[in-house]
Amino acid sequence: MSYFWAFVVGGLICVIGQLLLDLTKLTPARILVAFVVSGVVLSAIGLWEPLVDFAGAGATVPIMGFGHTLAQGVEQEIAQHGFIGIFTGGLSACSGGVSASLIFGYIASLLTKSKSQS
């Protein structure tokens with residue numbers, strides 16, 4: 001049953017994104033930011049953990065999980081280092097994923113040939 005709920009919740013997140021693209025004049029970048037911020041907000045008000053307990057990867061894999069990771073990183077760094085943690089927490093918490101994205105993106109660019117954009 002956990003696979004079912006992961007599929008449903010992840011699918012609903014994707015449906016919301018598609019509806020925002022189709023029915024509003026929001027750009028994909030603004031929708032991306034809205035999803036990241038919604039992950040931060042859900043984390044801040046304590047609704048993120050119950051959502052993850054219910055939906056598992058259906059909640060953590062979409063971009064909202066990135067927002068939650070940023071929020072948790074900031075919270076932990078503030079507890080350890082004080083005010084400077086506001087600036088360093090999100091970066092340290094997400095550095096592994098961001099680094100992997102950059103490295104694998106670079107490798108993919110070396111292995112493939114881009115098509116003309118005209």
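Predicted model, so just to flag it, every value in this text is computed and none were measured.
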Quiz item: Hey, quick one: are Met64 and Ile45 part of the same hydrophobic cluster, counting side-chain heavy atoms closer than 4.5 Å, chains of contacts allowed?
Solution: yes

Practice problem: Enter the distance from Ile13:CD1 to Ser38:OG here, rounded to the nearest 0.5 Å. | Solution: 8.0 Å

Quiz prompt | Note, Phe35 side chain near Leu32 side chain (heavy atom, < 4.5 Å) | solution = no

Quiz item: Between Gly90 and Val74, what is the shortest heavy-atom contact and its length?
Solution: N-CG2, 3.5 Å

Practice problem: State which residue, out of Val36, Ile16, Leu20, Ile63, fulfils the side chain to side chain contact (heavy atoms under 4.5 Å, CB included) condition with Ile31. | Solution: Leu20

Quiz prompt | Donor-acceptor contact below 3.5 Å, side chain Ser99 vs main chain Gly96 | solution = no

Practice problem: Flag yes if Phe7 and Val15 sit in one hydrophobic cluster, no otherwise; membership is Ile, Leu, Val, Met, Phe, Trp, Tyr, and two members link when side-chain heavy atoms are under 4.5 Å apart. | Solution: no

Quiz item: Is the backbone of Gly39 close enough, under 3.5 Å, to the side chain of Ser43 for a donor and an acceptor to pair up by distance?
Solution: no

Quiz item: Are Leu51 and Phe4 connected in a single hydrophobic cluster, I mean Ile/Leu/Val/Met/Phe/Trp/Tyr linked by side-chain heavy atoms less than 4.5 Å apart?
Solution: yes

Quiz item: So Trp48 and His68, would you call those rings parallel, tilted or perpendicular, with 30° and 60° as cut-offs?
Solution: parallel

Quiz item: Which pair of non-hydrogen atoms, one from Gly67 and one from Val40, has the smallest distance, and what is that distance?
Solution: O-CG2, 3.2 Å

Self-check item: Nearest-0.5 Å distance that lies between atom OG in Ser92 and atom CD in Gln80
Solution: 8.5 Å

Quiz prompt | Interatomic distance, Leu26 atom CG to Leu19 atom CG [nearest 0.5 angstrom] | solution = 12.0 Å

Quiz item: In terms of hydrophobic clustering (I, L, V, M, F, W, Y; side-chain heavy atoms under 4.5 Å; direct or indirect links), are Ile86 and Val41 co-clustered?
Solution: no

Exercise. Report yes or no: does Thr24 contribute a side-chain atom to a donor-acceptor pair with the main-chain N or O of Leu21 at less than 3.5 Å?
Key: no

Quiz prompt | CD1 on Ile78 to OG1 on Thr88, rounded to 0.5 Å | solution = 8.5 Å

Practice problem: Report the distance from atom CZ of Phe66 to atom OG1 of Thr60, rounding to the nearest 0.5 Å. | Solution: 14.0 Å

